[in-house]
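Nothing here was measured: the structure is a model prediction, and the numbers come from that model. Quick note: numbers below take in every heavy atom, side chains included, and nothing from hydrogens, waters or symmetry partners. Counting starts at 1 for both ligands and their atoms, in listed order.
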Amino acid sequence: MTARASEFDLIARIHQRAASRGDVVVGIGDDAAILSLPPGRQLVVAMDTLNVGVHFPEDTAPADIGWKSLAVNLSDLAAMAATPTWCTLSLSLPQPDEAWLDGFLDGFLALAASHEVALVGGDTTRGPLSVCVTVHGLVDPRGALLRSGARVGDDVWMTGTLGDAAAALRQWQSHRPIDPALRARLDRPTPRVEAGLALAGIAHACIDVSDGLLADLGHICRASRVGAQIDVDALPASDALIAAFDPPARRELQAAGGDDYELCFTAPKTARLAVQDAMHACEVIATRIGGITADAGKIALRDAAGAEWSPSHAGYVHFEG
Ligand code: ADP
Ligand code: MG
């Protein structure tokens with residue numbers, strides 16, 4: 001079988017399994033997709049690439065790679081308060097492997113189905129394992145959440161818990177047994193799409209935490225020309241993280257670890273009840289972790305006793321091999 005024939009086989013398999021939506025005029029199978037935009041809404045587009053050995057360990061199951069490659073993109077739309085609608089998929093595979101593709105599609109299409117996202121096209125090539133996804137979504141004009149909206153006096157909030165994915169990676173790198181609950185957070189992050197949508201009209205600014213809380217909150221601060229004060233003892237931790245790492249190591253993972261795909265957002269103090277109600281409605285726990293200050297560009301970190309704290313590094317460093 002020639003490589004070209006195999007590529008067609010893979011595309012046919014993708015075409016067969018991908019679900020469509022009513023607003024897809026032309027999907028997989030022509031030279032390009034045609035999508036019907038509802039009047040009065042704006043298109044939101046995001047793209048993220050996952051490379052083997054950089055963004056996921058080599059032993060990651062194909063279904064988990066499929067899940068995560070879409071999840072990280074949906075997370076970007078969640079942070080904009082956009083409703084995801086369509087996606088495209090560029091796959092680079094070392095060889096045409098239908099079993100690998102089937103596993104990949106199991107994860108990818110399961111997450112796509114749960115958010116009613118249609119896979120409408122892509123590209124399939126031969127090369128080192130790499131997955132690039134674009135996701136498209138819709139927002140109401142002026143409905144999007146931006147990084148630039150934070151105001152002095154806002155609370156800073158986090159959805160979910162922090163540090164689990166980085167903890168799994170730390171265990172993997174040190175050849176320790178990986179806690180399954182932590183590994184699940186690394187391999188199958190939950191994009192907070194419903195939470196993002198629920199925060200539209202309540203939150204002032206929002207970002208999804210992919211590079212670590214401090215790095216990503218730093219983006220909000222820079223874009224909004226403000227600073228932040230964070231209570232590091234208030235950072236939410238899972239039971240699995242608490243069981244696996246002692247407080248100093250845990251704090252480091254929570255503040256600076258990456259790959260959480262939780263939302264960090266700011267909202268006025270007067271909206272505390274509205275935030276709690278909105279999060280409750282989508283069954284997401286949100287925790288207040290600090291506040292926005294006028295000290296532009298500075299993130300001050302304090303523990304519950306008021307002592308200053310700083311991490312040994314402030315952003316997620318992609319692991320090597
Ligand atoms: P072309 O040579 O015109 O780019 P391709 O053979 O690359 O056509 O693709 C044929 C069709 O299959 C197109 O509709 C394309 O969007 C779709 N497609 C190719 N690869 C993928 C993929 N990995 N996921 C989804 N659709 C794909
Ligand atoms: Mg092509």
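- If you number the atoms of ligand 1 from 1 as listed, the ones under 4.0 Å from a heavy atom of G29 come out as 11 (C), 13 (C), 14 (O).
- Counting only distance, with no hydrogens or angles, the side chain of Q229 and the backbone of A300 share no donor-acceptor pair below 3.5 Å.
- Going from atom CH2 of W67 over to atom CZ of F104 covers 13.0 Å, rounded to the nearest 0.5 Å.
- Backbone and side-chain nitrogen or oxygen atoms of L91 are examined, and none is located within less than 3.5 angstrom of a nitrogen or oxygen of ligand 1.
- For the pair R302 and W309, the cation-pi test (distance below 6.0 Å, angle within 45°) is failed.
- Below 3.5 Å of separation, one finds no N or O of G27 facing any N or O of ligand 1.
- Residues S90 and D123 have side chains that never bring a donor and an acceptor to within less than 3.5 angstrom of each other.
- One option in T124, L89, D31, V26 has a heavy atom closer to atom 24 (N) of ligand 1 than any other, and that option is L89.
- If you check each of I28, I14, D30 against atom 13 (C) of ligand 1, the one with the closest non-hydrogen atom is D30.
- Counting heavy atoms closer than 4.0 Å to ligand 1, residue D123 contributes atoms from both its backbone and its side chain.
- Among V72, T49, L89, the single residue meeting the side-chain contact (heavy atoms from CB on, under 4.5 Å) criterion with V133 is L89.
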